[in-house]
**Student:** 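The structure under discussion is supplied below as structure tokens; questions concerning it will follow.
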Amino acid sequence: MRRTVFNEDHEAFRETIRAFIEAEVVPVYDEWFAAGQAPRDFYYKLGELGIFGINVPEEFGGAGLETHKFEAVLYEETARAGVQFGGSGVHVLLALPYIKMLATDEQKKRFLPKFVSGEEMWAIAMTEPGTGSDLAGMKSTAKLSEDGTHYVLNGAKTFITGGVHADRVIVCARTSAPTAEDRRHGISLFAVDTKSEGYSVGRKLDKLGLKTSDTAELAFVDVKVPVEDLLGEENKGFYYLGHNLASERWGIAFGAYAQAKAAVRFAKQYVQERTVFGKPVAHFQNTKFELAACQAEVDAAEAVADRATEALDAGELTPAEAASAKLFCTEVAHRVIDRCLQLHGGYGYMNEYPIARLYADNRVNRIYGGTSEIMKTIIAKDMGL
């Protein structure tokens with residue numbers, strides 16, 4: 001079936017990204033993997049390539065487009081090559097929508113040009129130790145000073161992707177206590193400068209997968225945040241967080257589909273080259289059947305991912321549809337990647353093979369952005385159950 005989601009501009013972008021990956025990423029990726037993060041100067045290269053500015057208005061140095069299809073191409077091409085662009089996905093997919101939606105004109109003038117160039121990398125800090133998906137249970141506080149010039153931020157966050165290299169972090173904190181009627185009330189968002197006194201990066205967390213994406217613990221001890229760095233209105237942070245969940249879950253869904261597609265590619269190449277009992281592994285019926293079944297699942301996931309992409313670009317992707325896409329694509333990827341690793345035999349367990357890294361990278365897709373169980377809850381509620 002012919003795909004219709006991409007046009008000639010997207011395919012030209014694909015060629016550029018593929019060449020960039022081959023020249024700038026593949027030769028040094030093992031070094032990034034061993035170091036547990038991409039180097040900071042790599043993000044300047046992404047800025048020069050224009051990746052950070054695709055959806056940024058032209059007046060701030062961007063291309064002024066309103067589409068997620070170029071991001072989709074990035075997901076497919078990085079998965080195809082078995083690499084990642086460090087923590088840059090959070091910079092664009094998660095942080096940018098909040099800046100565009102909430103920042104004042106003055107804030108956009110301060111933030112976006114540096115955002116586009118990679119001079120300031122952004123992350124977002126929601127999760128706290130002990131709260132997990134229960135964002136309404138966060139304990140971090142931001143209290144307005146007596147003179148009204150700044151907030152005093154105290155608390156801790158964990159699992160913050162991009163947290164090591166981040167120059168600005170959108171921090172979620174309580175500016176008011178929750179009410180008896182609404183425990184989600186009282187959360188606000190702040191664009192915190194990571195050079196602020198009292199701001200510190202704790203451990204760089206040792207994850208199962210996503211090794212080149214720096215993930216950290218953050219701590220705030222009497223950090224002074226100027227009132228000019230409040231994003232949006234006080235106490236409405238939980239609403240803002242919910243507003244962008246659909247695009248976040250779309251990104252996870254599309255990324256998972258792309259990983260599943262890449263896994264089939266890796267497995268097909270391996271079984272055609274690997275010989276056992278005097279024959280290529282691809283010669284055996286079990287191999288053919290396994291890969292055929294995987295390809296059928298990938299085809300279905302591609303259709304779901306493409307449909308969600310079109311809906312997102314049209315502003316029509318509902319929370320339940322985003323949850324459904326995330327649930328389906330991440331579960332498909334889990335099954336497909338596992339079966340493709342099995343076809344590699346013992347070599348599939350070695351990190352020098354991209355399928356092993358892909359297996360570890362993929363596992364978090366059913367956890368972050370809302371677990372599969374939460375996705376089922378959202379879908380069931382939408383069904384009236």
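This is a predicted model, so every value here is computed, not measured. Values below: all heavy atoms of this structure, side chains included; hydrogens, waters and symmetry mates excluded.
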**Student:** Dump the intermediate steps for side-chain contact (heavy atoms from CB on, under 4.5 Å) on F52 and S117, then the final yes or no.
**Tutor:** CA-CA 7 Å; F52 296 152; S117 68; over 6 Å; no

**Student:** Within the supplied structure, the quantity of interest is the number of heavy atoms (other residues, nucleotides, ligands) at a distance under 6.0 Å from K195 NZ; does it exceed 12?
**Tutor:** yes

**Student:** Mark yes or no for whether K109, through its side chain, and T104, through its backbone, hold a donor-acceptor pair below 3.5 Å.
**Tutor:**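 Side chain of K109 to backbone of T104: no pair is present.
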
**Student:** Would you kindly say whether Q107 and D229 are connected by a side-chain donor-acceptor distance under 3.5 Å?
**Tutor:**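 No, D229 and Q107 have no side-chain donor paired with an acceptor closer than 3.5 Å.
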
**Student:** Measure the acute angle between the ring planes of Y353 and Y347, then classify it against the limits of 30° and 60° as parallel, tilted or perpendicular.
**Tutor:**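 Rings of Y353 and Y347: tilted, as their planes differ by 30° to 60°.
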
**Student:** Would you mind checking if E11 and R14 are paired as a salt bridge, meaning a charged N to carboxylate O distance below 4.0 Å?
**Tutor:** yes

**Student:** F111 vs W122 aromatic rings, parallel, tilted or perpendicular, using cut-offs 30° and 60°?
**Tutor:**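 Ring orientation, 0 to 90° scale: perpendicular.
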
**Student:** Please find the pair of heavy atoms, one from C329 and one from A256, that lie closest to each other, and give the distance.
**Tutor:**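 Residues C329 and A256, closest heavy atoms: O-CB, 3.8 Å.
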
**Student:** Are more than 12 heavy atoms from other residues, nucleotides or ligands located less than 6.0 Å from atom CZ of F220?
**Tutor:**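 Atom CZ in F220 is crowded, with more than 12 foreign heavy atoms closer than 6.0 Å.
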
**Student:** Determine whether K204 and D214 satisfy the following criterion, salt bridge (Lys or Arg N to Asp or Glu O under 4.0 Å), listing intermediate values before the conclusion.
**Tutor:** CA-CA 7 Å; K204 181 167 74 69; D214 54 301; over 6 Å; no

**Student:** For A282 and T287, which heavy atoms make the closest approach, and how far apart are they?
**Tutor:** CA-CG2, 3.9 Å

**Student:** Does L341 offer a backbone N or O that forms a donor-acceptor pair with the side chain of Y270 under 3.5 Å?
**Tutor:** no

**Student:** Would S140 and E128 count as having a side-chain donor-acceptor pair, cut-off 3.5 Å?
**Tutor:** yes

**Student:** For a quick test of reading the model, state the closest non-hydrogen atom pair linking S176 to R174 and the distance between them.
**Tutor:** O-NH1, 3.3 Å

**Student:** Donor-acceptor pair, distance only, cut-off 3.5 Å: does the side chain of N55 make one with the backbone of G64?
**Tutor:** no

**Student:** Determine whether R18 and R80 make a side-chain contact, defined as any pair of heavy atoms from C-beta on separated by less than 4.5 Å.
**Tutor:** yes

**Student:** Between K224 and E197, does any NZ, NE, NH1 or NH2 come within less than 4.0 Å of an OD or OE carboxylate oxygen?
**Tutor:** no

**Student:** Using side-chain contact (heavy atoms from CB on, under 4.5 Å), reason through F20 and K45 one step at a time and then give a plain yes or no.
**Tutor:** CA-CA 10 Å; F20 174 81; K45 294 181 180 179; 4.2 Å; yes

**Student:** In a check of side chain to side chain contact (heavy atoms under 4.5 Å, CB included) between V171 and each of L231, I124, L218, L153, which one passes?
**Tutor:**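 The residue from L231, I124, L218, L153 that satisfies side chain to side chain contact (heavy atoms under 4.5 Å, CB included) with V171 turns out to be L153.
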
**Student:** Between T16 (side chain only) and A12 (backbone N and O only), is there a donor and an acceptor less than 3.5 Å apart?
**Tutor:** yes

**Student:** Between Y151 and E234, does any side-chain donor sit less than 3.5 Å from a side-chain acceptor?
**Tutor:**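 Per modelled atom types, Y151 and E234 side chains form a pair under 3.5 Å.
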
**Student:** Hey, are S372 and E331 close enough side-chain-wise for a donor-acceptor pair under 3.5 Å?
**Tutor:**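 A pair is found: one side chain offers a donor N or O, the other an acceptor, under 3.5 Å apart.
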
**Student:** Is the side chain of H10 donor-acceptor paired with the backbone N or O of N7 at a distance under 3.5 Å, no angle test?
**Tutor:**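 Checking the backbone N and O of N7 against the side chain of H10, a donor-acceptor pair under 3.5 Å is found.
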
**Student:** Which atoms form the tightest heavy-atom contact between A123 and T161, and what is the distance?
**Tutor:** CB-O, 3.5 Å

**Student:** Between R168 and A191, which heavy-atom pair has the shortest distance, and what is it?
**Tutor:**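 Closest heavy-atom pair between R168 and A191: NH1-O, 2.8 Å.
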
**Student:** Could you go step by step and tell me if C172 and F238 meet the side-chain contact (heavy atoms from CB on, under 4.5 Å) rule?
**Tutor:** CA-CA 9 Å; C172 312; F238 198 95; over 6 Å; no

**Student:** Is the backbone of A103 close enough, under 3.5 Å, to the side chain of Y98 for a donor and an acceptor to pair up by distance?
**Tutor:** no

**Student:** Run the ring-centre check on H91 versus F115 and record whether the distance is less than 6.0 Å.
**Tutor:** yes

**Student:** Regarding Q259 and D361, do their side chains bring together a donor and an acceptor under 3.5 Å, going by distance alone?
**Tutor:** no

**Student:** Tell me whether the centres of the aromatic rings in F42 and F85 are closer together than 6.0 Å.
**Tutor:** yes

**Student:** Check whether more than 12 heavy atoms from other residues, nucleotides or ligands sit under 6.0 Å from atom CD of E66, and answer yes or no.
**Tutor:** yes

**Student:** Is the number of heavy atoms from other residues, nucleotides or ligands under 6.0 Å of Q272 CD greater than 12?
**Tutor:** yes

**Student:** Indicate yes or no: does E310 engage K69 in a salt bridge with an N to O separation below 4.0 Å.
**Tutor:**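 Result for this pair is yes, salt bridge flagged.
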
**Student:** Would you please say whether a donor-acceptor pair under 3.5 Å links the side chains of D313 and T67?
**Tutor:** yes

**Student:** Is the NZ or CZ atom of R40 both under 6.0 Å from the centre of the six-membered ring of Y44 and within 45° of that ring's axis?
**Tutor:** yes

**Student:** Are any of the side-chain heavy atoms of T127 and K157 separated by less than 4.5 Å?
**Tutor:** no

**Student:** Verify, without hydrogens or angle tests, whether R203 (side chain) and E217 (backbone) share a donor-acceptor contact under 3.5 angstrom.
**Tutor:** no

**Student:** With a 4.5 Å limit on heavy-atom distance, are the side chains of L210 and T215 in contact?
**Tutor:** no

**Student:** Could you check whether T175 and N235, counting side-chain N and O atoms only, form a donor-acceptor pair closer than 3.5 Å?
**Tutor:** yes

**Student:** Is it the case that the side chains of E76 and Y257 hold a donor-acceptor pair, with the cut-off being a distance below 3.5 Å and no angle test?
**Tutor:**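 Yes, because at least one side-chain N or O of Y257 sits under 3.5 Å from a partner of the opposite role on E76.
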
**Student:** So does E297 pair up with R339, basic N to acidic O under 4.0 Å?
**Tutor:**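 Between R339 and E297 there is a salt bridge, with a charged N closer than 4.0 Å to a carboxylate O.
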
**Student:** Any Lys/Arg nitrogen of K211 or D206 sitting under 4.0 Å from an Asp/Glu carboxylate oxygen of the other?
**Tutor:**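 Yes, this pair counts.
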
**Student:** Between R249 (side chain) and G369 (backbone), is there a donor-acceptor pair under 3.5 Å?
**Tutor:**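 Yes, the answer is positive, given that a donor and an acceptor are paired below the 3.5 Å cut-off.
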
**Student:** Quick one: sort the F70 and F13 rings into parallel, tilted or perpendicular, breaks at 30° and 60°.
**Tutor:** perpendicular

**Student:** Using a cut-off of 6.0 Å, state whether more than 12 heavy atoms not belonging to R110 lie near its atom CZ.
**Tutor:**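 Above 12, so yes.
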
**Student:** Less than 4.5 Å apart, any side-chain heavy atom of T149 and any of V227?
**Tutor:**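 No, too far: nothing below the 4.5 Å cut-off.
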
**Student:** Using a strict cut-off of less than 4.0 Å between a Lys/Arg side-chain nitrogen and an Asp/Glu carboxylate oxygen, indicate whether K236 and E233 qualify as a salt bridge.
**Tutor:** yes

**Student:** Determine, step by step, whether V83 and I21 satisfy the side-chain contact (heavy atoms from CB on, under 4.5 Å) criterion, reporting the C-alpha distance in whole Å, the side-chain angles of both residues, the deciding distance to 0.1 Å, and the verdict.
**Tutor:** CA-CA 8 Å; V83 302; I21 290 173; 3.9 Å; yes

**Student:** Any heavy-atom pair between the side chains of Q37 and H165 that's under 4.5 Å?
**Tutor:** yes

**Student:** Look at the side chain of S145 and the backbone N and O of H150, then say whether any donor-acceptor pair between them is shorter than 3.5 Å.
**Tutor:**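 Here the side-chain-to-backbone pair exists.
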
**Student:** Using salt bridge (Lys or Arg N to Asp or Glu O under 4.0 Å), reason through D30 and R357 one step at a time and then give a plain yes or no.
**Tutor:** CA-CA 11 Å; D30 286 345; R357 300 181 183 184; 2.9 Å; yes

**Student:** Could you tell me whether the side chain of S200 reaches within less than 4.5 Å of the side chain of V221, counting heavy atoms only?
**Tutor:**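 Not touching, per the 4.5 Å side-chain cut-off.
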
**Student:** Taking all heavy atoms of S213 and all of K207, pick out the closest pair and write down the distance.
**Tutor:** O-NZ, 2.5 Å

**Student:** Taking atom types as modelled, is there a side-chain donor on D299 or Q295 under 3.5 Å from an acceptor on the other?
**Tutor:**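 On atom types as modelled, these side chains qualify, holding a pair under 3.5 Å.
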
**Student:** Examine distances only and state if a side-chain atom of T179 and a backbone atom of D182 form a donor-acceptor pair shorter than 3.5 Å.
**Tutor:**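 Judged by distance alone, yes, a pair lies under 3.5 Å.
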
**Student:** F254 vs W250 aromatic rings, parallel, tilted or perpendicular, using cut-offs 30° and 60°?
**Tutor:** tilted

